[in-house]
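What follows is a set of notes on a single structure, which appears directly below.
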Amino acid sequence: TQLLEQSPQFLSIQEGENLTVYCNSSSVFSSLQWYRQEPGEGPVLLVTVVTGGEVKKLKRLTFQFGDARKDSSLHITAAQPGDTGLYLCAGPTTSGTYKYIFGTGTRLKVLA
Amino acid sequence: NAGVTQTPKFQVLKTGQSMTLQCAQDMNHEYMSWYRQDPGMGLRLIHYSVGAGITDQGEVPNGYNVSRSTTEDFPLRLLSAAPSQTSVYFCASSFRSHSSTGTGELFFGEGSRLTVL
């Protein structure tokens, strides 16, 4: 069974600090996605990484796909209160097409 | 700009009752899916569909039924509700070609919070 484990589970930081969230698996993924979910809403896609070693930047957010395509990280520089939310990684399983699995999530709170 | 619409947003059921969660999308997406979200467990796939008349099971299908008679709608039926089905349910859709490679964006509804007493 493929699993995506995220760490840390919870993170509370002050505005302006940097942070990194990790998404790890023992399985190889053809691609990984990162979503952000705010209270009372559904997740919204932030980025998709496809190539091992790939780095993508979205303003203050930097996403990296591991060389072996088993892990990914999300780094936020100078966090702001607007970054508060639940961050989820997700990827397609190898057990069948169209089946996505999601990580356990990292709940981030940025204090002003 | 409706996107993915879920109804109802909140529902309380008694054990043994049945109900249907509705999901509709207006983006002409072939792929639609249902997830449940429980604390500390992320999102788990219940059922999915790659087009009208085609459905398949996800990770946690027991106790749920689906059907897909149109491209737009993908209802989720709880046959006999149990307290273990207390959760927040999300419907998501995307283009089929993107879903098969895992590179397409999943568009989610706002969720339906279900409590089973």
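Computed from a predicted structure; not experimentally measured. In what follows, every chain begins at residue 1, and chains take the letters A, B, ... in the order their sequences are listed.
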Exercise. Go through B:Q37 and A:L86 one step at a time and tell me if the side chain to side chain contact (heavy atoms under 4.5 Å, CB included) criterion holds.
Key: CA-CA 12 Å; B:Q37 186 172 37; A:L86 178 67; 3.5 Å; yes
Quiz item: Is there side-chain contact between A:F102 and B:L106, with at least one heavy-atom pair below 4.5 Å?
Solution: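 Yes, side chains in contact.
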Quiz prompt | Side-chain heavy-atom pair A:Y35, B:F108 within 4.5 angstrom cut-off | solution = yes
Are [Y] and [X] co-members of a hydrophobic cluster defined by side-chain heavy atoms under 4.5 Å apart?
X     : Y      : value
B:M19 : B:V88  : no
A:L45 : B:Y35  : yes
B:V4  : B:L114 : no
A:V21 : A:I13  : yes

Step through the shown structure and confirm whether more than 12 heavy atoms of other residues, nucleotides or ligands are within 6.0 Å of [atom1] on [X].
X     : atom1 : result
A:E5  : CD    : no
A:R36 : CZ    : yes
B:R44 : CZ    : yes

Exercise. Could you tell me the separation between the CD atom of A:Q2 and the CD atom of B:E59, rounded to the nearest 0.5 Å?
Key: 11.0 Å
Quiz prompt | Spatial distance of atom OG1 (A:T104) from atom CG (B:L43) [nearest 0.5 Å] | solution = 11.0 Å
Practice problem: Answer with side chain, backbone, both or neither: which region of A:E41 has an atom nearer than 4.5 Å to a non-hydrogen atom of chain B? | Solution: backbone
Exercise. Could you look at A:Q37 and say if it's the side chain, the backbone, both or neither that has a heavy atom under 4.5 Å from chain B?
Key: side chain
Quiz prompt | Residue, of B:S33, B:A92, B:G42, B:P39, that accumulates the most heavy atom pairs under 4.5 Å with chain A | solution =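 Option with the top pair count is B:G42.
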Exercise. Let me know if B:F107 has heavy atoms under 4.5 Å from chain A in its side chain, its backbone, both or neither.
Key: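 For B:F107, there is no contact with chain A at all, as no heavy atom is under 4.5 Å.
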